[in-house]
Amino acid sequence: MKKTTVANTAMETVQWFIFLLASSVALPIVIGAIYEMSFGEVSGLMQRTFFVIGVASLLQGLFGHRLPIAEGPAGLWISIFAVMAVTGVQNGSTLNETLRSLETIMILTGLFLFLFGLLKIAQKILPIFTPLVTGTFFLLLTVQLSGTFLKGMLGLQGNTNTIQLSEATLAFITFFIILCLSSFARGWLRNYGVLVGIVIGWIGYVVFIGAQEMPGSVQLFSVPKWFAFGTPTFDLSVVPVAFLTAVIILSNIVASIVAANQTLGIKSKNSNAEINGGTAFSGISHGLAGMFSAIANVPLATSSGFIALTGQKRKMPFIYATILLIFIAFFPPIISLISSIPSPIANAALMATFVQLVGLAINNVSMERLDSRKITIVGVAYLFGMGTMFLPTEVFANFPAILQNIVSNGLLVGTGLVILLEQVWREK
């Protein structure tokens, strides 16, 4: 048996910490660009997001599913943030008012997830998440977000309507560096390909374009702020969005737990308890994200790949890393430095990670033989889901407010259709 030393534990803790950081650093920058936030506001969003991720990962590891699975901002939430930014403006709301509605949606989603876990409903609705459903969800997610990421890579943010060649060139170089490292490198270099790519792209940006201007004075210590976007606003239109989001997030939770157990070589004695516990504490983390005006997160299935590559199967280094992430969230100078990663570089890193998600989508859809029934269901879901993404949001202006944020979101439309059709059109 391999002897565990303090040095081993320290190195494993650092590796987990870097993985947590690399999985979370880009999305606050992307959201900040979508909502036209200042550098200080992006830093605040990142501070609160790191804090929530650290607390959520710690609670899950100790009391939820009790596995070393990193929490991170969910792609589904990026989709919801992006779509609501557009629909909110079309309905006459300011971007800040939309962010206040999103606080409410995250809190409600958390409430639904907590109840699913507490009342043991999660284990009962798992059968609806067939490979066809999860595959369709992943593919539609990549289609919907690829446009947002590509715009960011090309420097098309805010009022900019023309491609910024210098920024775009560095973004594509970053994209291909990450892709090459993830595909061809070995060992730690492959595992930290995203982080290495971001650092190289960031340095290139500073050398050829210039460093992003940072505030002259930053508090040395500060506590993450509650309801930084303002008091949450509530109307009935956010309830169906929150419920459908909670149902879809369940599939992510289950996939992460199953993958982690397989990688760790654990045969769970009570998988239902892990799923119910993980779901309940995912509800708590969503509630925290809403209260701290952060980006909601879910257990990351990529944690299993990290464990397999590094061979780190002990839970304590993971726990120490989550505590370290919580600790740095109280020091704005560190967060400001991380927040200065240029938006094109952050978007390029996210675009590269989504390449693997396309493969996961194809694997899920083709996991079972595609007969006439499955092809029809997938075709209908894809056509209407993707078709909705290309419709201008103003076409839904005459719909009741309770429907607008659902029917204008192609991801929710397509995923909802495939779930409905799978349940109504049963196999003989």
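The structure displayed is predicted, hence computed values, not measured ones. Sequential numbering from 1 along the given sequence is applied to the chain's residues.
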Is the backbone of [Y] close enough, under 3.5 Å, to the side chain of [X] for a donor and an acceptor to pair up by distance?
X: S182; Y: L179; answer: no
X: N297; Y: S285; answer: no
X: S303; Y: L300; answer: yes
X: E167; Y: Q164; answer: no
X: S304; Y: A260; answer: yes
X: T134; Y: P131; answer: yes
X: R186; Y: F184; answer: yes
X: S293; Y: A289; answer: no
X: S93; Y: V89; answer: no
X: R48; Y: F292; answer: yes

Looking at [X], I'd like to know if its [atom1] atom is crowded, meaning that more than 12 non-hydrogen atoms belonging to other residues, nucleotides or ligands lie closer than 6.0 Å.
X: F390; atom1: CZ; answer: no
X: F331; atom1: CZ; answer: yes
X: N398; atom1: CG; answer: no
X: F227; atom1: CZ; answer: yes
X: M11; atom1: CE; answer: no

F50 vs I338, side chain to side chain contact (heavy atoms under 4.5 Å, CB included): CA-CA, chis, key distance, verdict = CA-CA 11 Å; F50 283 176; I338 298 171; 3.9 Å; yes
What class does the angle between the rings of W77 and F81 fall in, given that below 30° is parallel, 30 to 60° is tilted and above 60° is perpendicular?
->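 Perpendicular, since the angle between the ring planes exceeds 60°.
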Working to the nearest 0.5 Å, report the span between [atom1] of [X] and [atom2] of [Y].
X: M106; Y: L288; atom1: CE; atom2: CG; value: 11.0 Å
X: I406; Y: F396; atom1: CD1; atom2: CZ; value: 12.0 Å
X: K315; Y: L67; atom1: NZ; atom2: CG; value: 7.5 Å
X: L95; Y: I34; atom1: CG; atom2: CD1; value: 10.0 Å
X: I163; Y: L150; atom1: CD1; atom2: CG; value: 8.0 Å
X: F208; Y: T169; atom1: CZ; atom2: OG1; value: 10.5 Å

What do the steps show when you test V239 against F234 for side chain to side chain contact (heavy atoms under 4.5 Å, CB included), and what is the final call?
-> CA-CA 9 Å; V239 176; F234 176 82; 4.0 Å; yes
With side chains defined as the heavy atoms from C-beta onward, is the minimum distance between [X] and [Y] less than 4.5 Å?
X: Q144; Y: V83; value: yes
X: P28; Y: I295; value: yes
X: Q60; Y: I69; value: no
X: Y205; Y: S166; value: no
X: F221; Y: V223; value: yes

Derivation and outcome, side chain to side chain contact (heavy atoms under 4.5 Å, CB included), residues T49 and I31 = CA-CA 12 Å; T49 299; I31 292 298; over 6 Å; no
Is the closest side-chain donor-acceptor distance between Q47 and S222 under 3.5 Å?
->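 Q47 vs S222: donor-acceptor pair found between side chains.
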With distance as the sole criterion, is a donor-acceptor pair present between the side chains of T245 and T109 under 3.5 Å?
->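 No - no donor-acceptor pair under 3.5 Å links their side chains.
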Of the options T233, I107, T104, which is the one that meets V238 in a side chain to side chain contact (heavy atoms under 4.5 Å, CB included)?
->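 Only match with V238 under side chain to side chain contact (heavy atoms under 4.5 Å, CB included): T104.
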State which residue, out of L325, L62, L20, fulfils the side chain to side chain contact (heavy atoms under 4.5 Å, CB included) condition with S57.
->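 Option passing the side chain to side chain contact (heavy atoms under 4.5 Å, CB included) with S57: L20.
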Is the distance between the ring centroids of F330 and F51 less than 6.0 Å?
->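 Yes, the ring centres sit under 6.0 Å apart.
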Given side chain to side chain contact (heavy atoms under 4.5 Å, CB included), test V55 with E71 step by step and report yes or no.
-> CA-CA 9 Å; V55 172; E71 293 272 323; over 6 Å; no
E12 bridged to R314 by N-O distance under 4.0 Å |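 Between R314 and E12 there is a salt bridge, with a charged N closer than 4.0 Å to a carboxylate O.
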